[in-house]
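Here is the structure we will look at.
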Amino acid sequence: MSGDQQNETDDKNKAVSDTGKPEQPQARMVTVSIMGKPALVPDDSTIMRAIEYSGQQIIRGAGCREGFCGACGTIYRLPGDYRIHTGLACTTLVQEGMALSQIPSVPLEKAVYDLETLTPDVDTIKALYPVVFRCVACGTCTKACPQGLQVMDYIQSAMRGDIAELMELSYECVGCGLCALRCPSEIIQHKVAILGKRLYGRYLRKESKELDIRIRQVKNHEYDGEYAELMSLDREALSERYYARDTE
Amino acid sequence: MYPDYLKDSLEKVNQTRSKRLELAKSDKPVYPPMNAAEREDVLSKFHPDSASAARSHIRIGPNKGEQLTTEITDLLEAHSMLDPKRMEESLANPDYETDMLIIGGGGAGCWAAITAIKNGIKPMIATKLRLGDANSMMSEGGMQAAVTPQDSPTRHYLDAIGGGHFDNKPELVRALTEDGPEVVRELENLGVMWDKMEDGSLQVLHGGGTSHKRMVSCRDYIGAVIMRTLMDEVENHPDEISVREFEPAIELLLDDKGQCAGAVLYNLDTEQFMVVRAKTTVITTGGFGRLHIRGFATTNHYGATGDGLVMAYRAGANLKFMDSVQYHPTGAIYPEQIAGFLITEKIRGAGGQPLNKDG
Ligand SMILES: Cc1cc2nc3c(=O)[nH]c(=O)nc-3n(C[C@H](O)[C@H](O)[C@H](O)COP(=O)(O)OP(=O)(O)OC[C@H]3O[C@@H](n4cnc5c(N)ncnc54)[C@H](O)[C@@H]3O)c2cc1C
Ligand code: SF4
Ligand code: SF4
Ligand code: FES
């Protein structure tokens with residue numbers, strides 16, 4: 001993979017010089033420790049790129065490469081700083097002296113449930129994730145969250161059975177599990193979050209009458225005639241129809 | 001804050017801004033729609049697929065002699081990772097047996113698994129990375145379904161057929177457009193939270209090439225919301241759906257009648273080959289952006305390398321439409337760490353104006 005990445009950058013630099021634009025300046029290098037091994041990497045690289053630049057291959061620890069999937073949770077320390085920092089490898093930039101390690105997977109036991117038998121309230125939280133009630137409101141999860149979510153607050157919403165707020169506050173959770181690893185009460189926040197979202201979507205949503213009607217129209221074969229007609233048209237007739245179609 | 005090589009472009013954008021704003025406000029089109037000839041002209045001059053090296057003739061297999069995307073041709077012509085002789089023993093003693101092998105744990109794969117168990121079939125998902133490490137997780141803007149009274153599935157059909165230059169398979173486009181509304185409902189019953197209006201109707205926007213507003217959404221995270229919901233549902237059936245992560249399929253297996261009978265997986269951790277015997281096999285391995293076609297940056301996830309196409313081709317499948325690639329028209333080029341990051345088409349639906357190099 002590191003080869004590909006390198007080519008990608010080379011190509012880009014080339015494209016710039018081909019069009020007579022100035023070459024991008026040479027990157028400055030920084031030294032980081034990648035899972036215990038020191039490596040010299042460009043200072044503008046993400047942690048993910050730095051790992052690949054150093055020649056290490058990523059098997060676990062990379063998915064979307066754009067901050068959506070949560071596969072790339074990483075912990076690191078910085079020089080002269082006692083704290084453990086957390087971040088997503090694909091969106092966090094390296095810094096001089098950074099010592100980092102990727103988290104290949106987060107062990108946990110997800111509650112197994114049948115959504116159809118649940119109620120969107122605190123009883124469900126009690127039944128499926130009683131561990132939530134051990135929260136001591138320390139705020140460590142919120143500090144750990146690379147998405148900047150108010151994780152502690154959504155756990156508090158879960159404790160109150162406020163499913164709408166749980167959904168709202170955890171909407172942008174990428175499921176990296178970094179909060180769960182840092183929580184002194186061993187709560188698995190991101191799994192509580194997805195439960196809350198599904199309860200909201202299933203039970204607390206506003207119903208769409210328009211959608212009911214459309215589904216009924218399809219089931220009653222109301223479009224069969226139009227489909228048959230469109231599907232019988234040859235390319236030219238279809239093209240004519242397409243370019244003359246009405247727009248909203 | 002911007003580097004020098006972007007300054008000229010920015011200036012041009014600023015120069016034309018007030019005029020464009022006026023047009024947008026007056027409800028007149030900022031750009032008049034192009035006719036077929038104008039489209040063809042622009043595409044043939046600028047579309048990356050139209051460069052001469054973009055395609056090459058394939059020398060072997062069911063599509064022999066056709067012009068395919070060069071990077072795909074290279075893969076289809078490559079040697080297998082497997083030495084069939086060394087597989088004989090494990091072929092006689094498969095490592096896994098299943099009713100239904102689903103290759104790929106993205107949106108399509110998880111949906112297939114959920115549909116299978118509803119029909120009493122116990123499937124196995126074999127996927128390259130983690131479940132849900134897939135392009136499905138990444139889609140941002142929304143998905144198309146004709147859900148409003150102004151719109152209809154047949155209008156959607158016409159838009160899609162035209163967008164595909166009238167080459168699409170009509171039956172597939174019909175299924176896509178006719179099933180759309182029902183899929184929206186099924187997904188919300190699984191817990192997907194659609195963006196809604198006050199009265200509960202679905203919020204819809206224009207998408208690329210739509211004649212009517214029909215893009216439903218979950219804020220800017222439609223893929224993540226759908227994918228996490230489907231994954232959670234798959235994981236709610238541990239006794240019915242078995243999931244093997246980090247075990248990509250590398251080759252399909254055929255029985256003595258030439259029908260697909262499973263696949264060989266490659267365990268990324270132990271580097272072993274694992275044989276799966278399956279009564280039926282479904283390929284849901286998604287696209288191939290990570291091949292970096294024509295040297296382009298990609299918005300695709302780490303595992304999007306077209307594996308399913310290659311496997312199916314070796315097993316004798318004829319591939320369709322391998323001469324073109326969908327390039328997403330809008331992406332970031334600056335700053336460096338988000339170069340290649342997709343800018344969703346919703347931005348245009350919401351009034352964003354694409355400009356050419358002359359502003
Ligand atoms: C950034 C981005 C934004 C997008 N935005 C939109 C949008 O707004 N609207 C829209 O409609 N579409 C959008 N798309 C497109 C859409 O996401 C995809 O078309 C769709 O998700 C494909 O689903 P899939 O299940 O077929 O493939 P994927 O979701 O890619 O799943 C394929 C799975 O197969 C696995 N796999 C690959 N090779 C193997 C192998 N050899 N063995 C086993 N498993 C394998 C992969 O790891 C992956 O898990 C977007 C795509 C991207 C990348
Ligand atoms: S809430 Fe937890 S799992 Fe979700 S993004 Fe934040 S740290 Fe990651
Ligand atoms: S880290 Fe755990 S205990 Fe602390 S606030 Fe978060 S959920 Fe509560
Ligand atoms: S690789 Fe998906 S969030 Fe970083």
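Worth saying up front: this structure is predicted, and the values here are computed from it rather than measured. As a basis for the values below, the full set of heavy atoms in this structure was taken, side chains included, without hydrogen atoms, waters or symmetry mates. Below, read A as the first sequence line, B as the second, and so on, with proteins coming before strands; counting in each chain starts at 1.
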Find the one option among B/A36, B/A224, B/G132 whose heavy-atom pairs under 4.5 Å with chain A are most numerous. B/A36

Which residue out of B/E171, B/E245, B/Q150, B/M227 racks up the most heavy-atom pairs below 4.5 Å with chain A? B/Q150

Can you say whether A/M48 sits under 4.5 Å from chain B via the side chain, the backbone, both, or neither, judging by heavy atoms? neither

Side chain / backbone / both / neither for B/P238 at chain A, heavy atoms under 4.5 Å: side chain

What verdict does the ring pair (Phe, Tyr, Trp, His ring centres under 6.0 Å) test give for A/Y242 and B/F166, after you've listed the backbone C-alpha separation in whole Å, the side-chain angles of each residue and the deciding distance to 0.1 Å? CA-CA 10 Å; A/Y242 174 71; B/F166 312 99; 5.7 Å; yes

Examine distances only and state if a side-chain atom of A/E210 and a backbone atom of B/T148 form a donor-acceptor pair shorter than 3.5 Å. no

I need the residue from B/A134, B/P149, B/P170 with the largest number of non-hydrogen atom pairs under 4.5 Å to chain A. B/P149

Heavy-atom side-chain proximity of B/N236 to A/Y113 below 4.5 angstrom: yes

Run the side-chain contact (heavy atoms from CB on, under 4.5 Å) check on B/H212 and A/T247 step by step: do they pass? CA-CA 6 Å; B/H212 288 71; A/T247 55; 5.8 Å; no

Segment of B/M231 engaging chain A (4.5 angstrom heavy-atom cut-off): neither

Chain B contact via A/D224 - which portion, at a heavy-atom distance below 4.5 Å: both

Does A/E109 CD have over 12 foreign heavy atoms under 6.0 Å away? no

Measure the shortest side-chain to side-chain distance between A/R60 and B/D269 over non-hydrogen atoms and say whether it is less than 4.5 angstrom. yes

Of B/L268, B/I161, B/D159, B/V225, the largest count of non-hydrogen pairs under 4.5 angstrom with chain A goes to B/D159

So which part of A/L115 gets closer than 4.5 Å to some heavy atom of chain B, the side chain, the backbone, both or neither? side chain

Return the option, out of A/Y223, A/Y227, A/Y200, with the maximum number of heavy-atom pairs under 4.5 Å with chain B. A/Y227

Is it the side chain or the backbone of B/A145 that comes within 4.5 Å of chain A heavy atoms, both, or neither? neither

Write down the atom of A/K206, the atom of B/K196, and the distance for their closest heavy-atom approach. O-NZ, 2.5 Å

For chain B, find which of A/L199, A/L211, A/L195, A/V112 contributes the most heavy-atom pairs closer than 4.5 angstrom. A/L211

Sort out for me which of A/G67, A/A111, A/G70 touches chain B most, counting heavy-atom pairs under 4.5 Å. A/G70

What is the minimum heavy-atom distance between A/E66 and B/T298, and which atoms define it? OE2-O, 4.3 Å

Report the distance from atom CG of B/N135 to atom CZ of A/F68, rounding to the nearest 0.5 Å. 11.0 Å

Chain A contact via B/R214 - side chain, backbone, both or neither, heavy atoms under 4.5 Å: neither

Shortest non-hydrogen contact between A/R214 and B/P153, atoms and distance: CD-CD, 4.0 Å

Let me know if B/L158 has heavy atoms under 4.5 Å from chain A in its side chain, its backbone, both or neither. both

Within-4.5 Å side-chain heavy-atom neighbours: A/C64 and B/M137: no

Under a 4.5 Å heavy-atom cutoff, which of A/D246, A/D212, A/I59 has the most pairs with chain B? A/D246

Counting distance only, does the side-chain N/O of B/H206 pair as donor-acceptor with the main-chain N or O of A/E248 below 3.5 Å? yes

Let me confirm one number: the CZ-CD distance from A/R205 to B/E188, rounded to the nearest 0.5 Å. 3.5 Å

Should we count CE of A/M35 as having more than 12 external heavy atoms under 6.0 Å? yes

Tell me which of these, B/R185, B/E140, B/K213, has more heavy-atom pairs under 4.5 Å with chain A than the rest. B/R185

Between A/E116, A/K191, A/E172, who has the most heavy-atom pairs with chain B when the cutoff is under 4.5 Å? A/E172

Using 0.5 Å steps for rounding, measure from the CD atom of A/E229 to the OG1 atom of B/T154. 9.5 Å

With the side chain counted from C-beta on, respond yes when B/D167 and A/R235 share a heavy-atom pair under 4.5 Å apart, and no when they do not. yes

Atom group of B/R130 that falls short of 4.5 Å from chain A, counting heavy atoms: side chain

Under 4.5 Å to a heavy atom of chain A? For B/L187 that would be neither

Given side chains that start at C-beta, do those of B/W194 and A/S208 come closer than 4.5 Å, heavy atoms only? no

Rounded to the nearest 0.5 Å, what separates atom OG in B/S211 from atom CZ in A/R245? 5.0 Å

Looking only at B/D199, B/T210, B/D179, B/T299, most heavy-atom pairs under 4.5 Å shared with chain A are made by B/T299

Can you say whether B/V173 sits under 4.5 Å from chain A via the side chain, the backbone, both, or neither, judging by heavy atoms? neither

Name the region of B/V147, side chain, backbone, both or neither, that has any atom closer than 4.5 Å to a heavy atom of chain A. both

Closest heavy-atom pair and its distance - B/S152, A/E226: OG-OE1, 4.4 Å

salt_bridge(B/R219, A/E168) N-O dist < 4.0 Å: yes

Contact between A/L230 and B/R174 at the side-chain level, heavy atoms closer than 4.5 Å - yes or no? no

Which region of B/L202, side chain (C-beta onward) or backbone (N, CA, C, O), has a non-hydrogen atom less than 4.5 Å from a non-hydrogen atom of chain A, or is it both or neither? both

Max heavy-atom pair count under 4.5 Å with chain B, selected residue of A/M167, A/E222, A/E207, A/K219: A/E207

What distance separates A/I215 CD1 from B/E182 CD, expressed to the nearest 0.5 Å? 5.0 Å

Cut-off 4.5 Å, heavy atoms of chain B, and the answer for A/Y171 is side chain

A/Q217 versus chain B, heavy atoms under 4.5 Å apart: side chain, backbone, both or neither? neither

Write down the atom of B/D133, the atom of A/A71, and the distance for their closest heavy-atom approach. OD2-CB, 3.8 Å

For the student: nearest non-hydrogen atoms of A/R198 and B/T229, plus distance: NE-CG2, 3.8 Å

Rounded to the nearest 0.5 Å, what separation is found between the SG atom of B/C218 and the NZ atom of A/K197? 10.5 Å

